[in-house]
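Protein chains get the first letters and strands the later ones, always in sequence-line order, with residue 1 at the start of each. These numbers come from a predicted model, not from an experiment.
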Number of protein chains: 2
Amino acid sequence: MKLTEAKSEFIQSWGVLGSQWGINRTMAQLHAVLLVANEAMSTDELMEELQVSRGNVNMNIRELMDWGLVTKHIVPGERKEFFSADKDIWRVATKIMYQRKKRELDPMVEVLNRLSEVEGDKRDKDVKAFTDTVNDIRKFAGHAEKTLTVVIKAEENWFWGSFMKMFK
Amino acid sequence: MKLTEAKSEFIQSWGVLGSQWGINRTMAQLHAVLLVANEAMSTDELMEELQVSRGNVNMNIRELMDWGLVTKHIVPGERKEFFSADKDIWRVATKIMYQRKKRELDPMVEVLNRLSEVEGDKRDKDVKAFTDTVNDIRKFAGHAEKTLTVVIKAEENWFWGSFMKMFK
DNA sequence: CCGAACTTTCAAAAATAATTGAAAATATAA
DNA sequence: TTATATTTTCAATTATTTTTGAAAGTTCGG
């Protein structure tokens, strides 16, 4: 298989994967392009590679920077900005987990905490079904939260740090 | 907070969470309704609760059954079908993980395996950047795959089974 | 077999999300 | 400062996804 062909298949698949995870296709594809690029790329090069508009590249690259997956570089003597992706896959994964935890898990936990204080007779079957489920999810989310935090911070920790190296 | 109010807020939030994870809102909301219901519900009751069409309920309930999150019940003497959700949150989580692994991780791994056989000089920087990234992701996905499999099958295993009980 | 009760299907409509592209804003070199 | 290169914004357009609803299909008691 030729490099060009392989690259475009990779970009394609990464785009599909992203969209199944609520990340828009262009954002995922930009990430893919930068992941397999051997050096930082300009907006124009990215537009050319994916055949999308300047505005689209601009917005999605900024989103990728927000997630901490992509960094901007200023090359002396050049007017344009260049972008590159963090290629350490473990770090990529933890950054994504961190963002999703922050944006999705945390707000859900907050809602669940409020909802566990529903008023009414605990012997009422409807009330019981509701509070039981909410509390179960709450407990589960609490564990997930802790586990994620450990994983995300694992590298900074001497014990888990060396344990996690096995995954790299 | 009143039960009705709490319920609808829960359904709402679960729907938002779902849509951020590539699951359509109605599917997630149906799941939410059944998670907090004290008994199995009919299509008509679900339509009423969420104010959506019969076709919509039908299709999404079937999807939930595909995922193994919801089961159909036939009540003797009743012509209608009733539905209920598995309320064991740990099992819910592993079922979702299993489905997503099967539908998303597995195909990605397949693509990556094919792509790692790209032809060309390994000293070419473009080729190297590509194969390095692909192989890193491949290795990572392999670990993720194994970990997920262990977690999903944990209950069937005497050692992990009792370990996992801590999470419940 | 009939007909009522219920479920399934799917083309069309509606809702939502992503993308464009050109104008406005900003940055830089001279 | 001015001219020019580059980035950013966002209303309008386009693409995608979801939902509807009515017709077709199925099931079942009598």
Side-chain angles (χ1 to χ4, degrees), chain A residues 11-34 40-67 70-84 100 103-104, chain B residues 11-34 40-67 70-84 100 103-104:
Chain A
I11 293 164
Q12 204 52 34
S13 300
W14 202 249
V16 171
L17 190 66
S19 63
Q20 286 164 328
W21 285 76
I23 284 155
N24 91 33
R25 217 183 60 234
T26 305
M27 179 172 159
Q29 289 186 339
L30 283 168
H31 189 213
V33 169
L34 293 175
M41 293 173 74
S42 68
T43 301
D44 292 84
E45 287 168 322
L46 292 167
M47 286 168 64
E48 169 64 23
E49 179 83 41
L50 296 179
Q51 294 292 307
V52 295
S53 74
R54 186 174 301 284
N56 199 355
V57 169
N58 186 273
M59 290 175 112
N60 287 111
I61 274 284
R62 251 171 336 118
E63 187 76 7
L64 284 166
M65 291 194 292
D66 276 357
W67 284 56
V70 161
T71 15
K72 185 190 284 192
H73 302 273
I74 353 173
V75 177
E78 283 267 27
R79 206 81 171 260
K80 290 180 184 173
E81 298 173 335
F82 292 81
F83 304 93
S84 72
R100 304 207 73 144
R103 292 164 201 226
E104 295 149 25
Chain B
I11 293 164
Q12 203 51 37
S13 299
W14 203 250
V16 171
L17 190 65
S19 61
Q20 287 165 328
W21 285 76
I23 285 154
N24 91 33
R25 215 184 63 234
T26 306
M27 177 172 162
Q29 288 185 339
L30 283 167
H31 189 213
V33 170
L34 292 175
M41 293 174 74
S42 69
T43 301
D44 292 83
E45 288 169 322
L46 292 167
M47 286 167 65
E48 170 63 24
E49 179 82 42
L50 296 178
Q51 294 292 308
V52 294
S53 73
R54 186 173 300 284
N56 199 356
V57 169
N58 187 273
M59 291 175 111
N60 286 112
I61 275 283
R62 249 170 339 115
E63 186 75 7
L64 284 165
M65 292 194 292
D66 276 358
W67 284 55
V70 162
T71 14
K72 183 190 286 191
H73 302 271
I74 354 177
V75 177
E78 284 267 28
R79 207 75 176 269
K80 289 181 185 171
E81 299 173 336
F82 291 82
F83 303 95
S84 72
R100 303 207 73 143
R103 292 164 201 229
E104 294 150 23

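- Across all their heavy atoms, B:Phe83 and B:Val70 have their closest contact at CB-CG1, 4.0 Å.
- Across all their heavy atoms, A:Ala32 and A:Ile11 have their closest contact at CB-CA, 3.8 Å.
- Between A:Arg62 atom CZ and D:dT9 atom C1' the separation is 8 Å, expressed in whole Å.
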When every nucleotide of nucleotides 15-22 of chain D is labelled 5' to 3' by its protein contacts under 4.0 Å (heavy atoms), B for base, S for sugar-phosphate only, - for none, what sequence of letters results?
---SSBB-
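- The side-chain hydrogen bond (donor to acceptor under 3.5 Å, both in side chains) check on A:Ser13 picks up nothing, with sequence neighbours excluded.
- Closest approach of A:Arg25 to A:Gly15, counting heavy atoms only: CG-O, 3.8 Å.
- Of the residues in residues 73-82 of chain B, B:Arg79 come within less than 4.0 Å of DNA chain D through at least one heavy atom, sorted by number.
- Remark: A:Arg100 pairs with A:Glu104 by the salt bridge (Lys or Arg N to Asp or Glu O under 4.0 Å) rule, at least two apart or across chains.
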Output a table of donor-acceptor pairs, distance under 3.5 Å, between side-chain atoms of residues 59-67 of chain B and any protein atom two or more places apart or on a different chain; print 'none' if there are none.
residue: B:Arg62; atom: NE; partner: B:Asn58; partner atom: OD1; Å: 3.4
residue: B:Glu63; atom: OE2; partner: B:Trp67; partner atom: NE1; Å: 3.3

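- The CG-P distance, from A:Leu46 to D:dT8, rounds to 13 Å in whole Å.
- Scored by the side-chain contact (heavy atoms from CB on, under 4.5 Å) test, B:Thr71 finds B:His73, B:Ser84 as partners (sequence neighbours excluded).
- Nucleotides of DNA chain C with any atom under 4.0 Å from a heavy atom of chain B span, from 5' to 3', C:dA4 to C:dC10.
- With sequence neighbours excluded, no residue forms a side-chain hydrogen bond (donor to acceptor under 3.5 Å, both in side chains) with B:Thr43.
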Review item, side-chain donor-acceptor pairs of residues 46-55 of chain B, under 3.5 Å, at least two apart:
residue: B:Gln51; atom: NE2; partner: B:Glu48; partner atom: O; Å: 3.0
residue: B:Ser53; atom: OG; partner: B:Asn56; partner atom: N; Å: 3.2
residue: B:Arg54; atom: NH2; partner: B:Asp44; partner atom: OD2; Å: 3.0

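- Scanning for side-chain hydrogen bond (donor to acceptor under 3.5 Å, both in side chains) contacts around B:Lys72 gives B:Glu81, with sequence neighbours left out.
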